[in-house]
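Input: a single structure, listed below in structure tokens.
All values below were derived from every heavy atom in this structure, side-chain atoms included, with hydrogens, water molecules and symmetry-related copies excluded. Just so you know, these numbers come straight off a predicted model, no measurement behind them.
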Amino acid sequence: MTKPVGPATEGTEPWKLQYYDPSSCDIIDHAKQFSHCDTASINAFPVHSMFNAKTIDYIEEAIAEHRMQHLHISEGWWPHHALGITRLLWEDLGNWCSGLRKKACSFVAQHYQWDPENRCEQNIEIARCLLGNGGLFLKNGVDDEGHTNNLTHLVLTGLIADFFYSGSTSVSQLFPEVFSPEVPRVAMAIATTAICVGEVNFRVTTYSPIYVEILGLMSKCDTSPIHQAKT
């Protein structure tokens, strides 16, 4: 049986990427990408215990792909340091979700019409109006036939394009088979939730109820052939 390897960088712990050698880091980074893909396309809010179990799948799949490409795979780190790697991937997913929230805040600040003098009370009232009125913050006027353009506001479409589809390391580039045909409903819903929640730090208890409401709004749009075609 292979003995566990020690840290590649002295003083680091198994839940830090610096603990592992370059080959193992590549595999762990690929496993992170699998977790991002699942979060954006299947389960936006994985339960911690379920995520721990999925970590095994992510790592094993990443190892299998490396093996198929005849890349070097170090010994003595997996599954010996499974607990540390599970923690590493869980914390990474939290950072990924925080990155989405920060992007959302940036788009909200840029593309909604806020008070020119940045007065707090006026901005609160504007936000209340946007979040009310049947999801006004997601609408982008009407089409030539007078039908509302739901889920097409520049804040939402811009955020989705920027976070999920821009750059060589975006999930759409890494997993085109998942993201190229159309934007996954989960990705659209979690982006919308991030816009709605704003600067509140990522917490499942805060985000999840709003996420469920957004999915309900999307399902309501699907009941109309006209609006379904647009979303």
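- Here N52 contributes atom CG and R87 contributes atom CZ; the two are 12.0 Å apart, rounded to the nearest 0.5 Å.
- H72 NE2 to S24 OG: the interatomic distance, rounded to the nearest 0.5 Å, is 7.0 Å.
- With rounding to the nearest 0.5 Å, the separation of CH2 in W78 from CD1 in I73 is 13.0 Å.
- The distance from the CG atom of L159 to the OG1 atom of T192 is 8.5 Å, given to the nearest 0.5 Å.
- When all heavy atoms of I190 and A44 are compared, the closest pair comes out as CD1-CB, 3.8 Å.
- Atom CG of L83 is surrounded by 12 or fewer heavy atoms from other residues, nucleotides or ligands within 6.0 Å.
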**OP:** Tell me, with the steps shown, if H66 and I63 meet side chain to side chain contact (heavy atoms under 4.5 Å, CB included).
**Re:** CA-CA 5 Å; H66 270 60; I63 290 174; 5.7 Å; no
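- G167 and S170 make their closest contact through O-OG, 2.9 Å (heavy atoms, listed as atom of the first residue, atom of the second, distance).
- Both F175 and I27 are assigned to one and the same hydrophobic cluster, defined by single-linkage of ILVMFWY side chains at heavy-atom distances under 4.5 Å.
- By the 30° and 60° cut-offs, the orientation of the rings of H81 relative to Y19 is perpendicular.
- Contact detail for Q18 and T12: the closest heavy-atom pair is CB-CG2, 3.8 Å.
- In plain terms, the two heavy atoms of C25 and L17 that are nearest each other are SG-O, 3.3 Å.
- Atom CG of L88 and atom OG1 of T55 lie 9.5 Å apart (nearest 0.5 Å).
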**OP:** Let me see the working for N43 and D38 under side chain to side chain contact (heavy atoms under 4.5 Å, CB included), right down to the final yes or no.
**Re:** CA-CA 6 Å; N43 184 6; D38 274 6; over 6 Å; no
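- By the 30° and 60° cut-offs, the orientation of the rings of W77 relative to Y20 is perpendicular.
- By the rule that hydrophobic residues join a cluster once side-chain heavy atoms approach within less than 4.5 Å of another member, W96 and V183 end up as members of one cluster.
- The backbone N or O of F179 lies less than 3.5 Å from no partner atom in the side chain of S172, so there is not a single donor-acceptor pair.
- Of the residues listed (V171, V186, L93), the one engaging T39 in a side chain to side chain contact (heavy atoms under 4.5 Å, CB included) is L93, and it is the only one.
- Crowding of H48 atom NE2: a count of heavy atoms from other residues, nucleotides or ligands under 6.0 Å exceeding 12.
- The minimum heavy-atom distance linking F164 with A187 is given by the pair CE1-O, 3.7 Å.
- To the nearest 0.5 Å, atom OG of residue S106 and atom CZ of residue R101 are 12.0 Å apart.
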Subject >> Intermediate values then yes/no, side chain to side chain contact (heavy atoms under 4.5 Å, CB included), L89 and F51 >> reply: CA-CA 9 Å; L89 262 63; F51 182 86; 3.9 Å; yes
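- Taking every heavy atom of both residues into account, Y165 and P184 meet most closely at OH-CD, 3.9 Å.
- Donor-acceptor pairing under 3.5 Å is recorded for the side chains of H30 and Q33.
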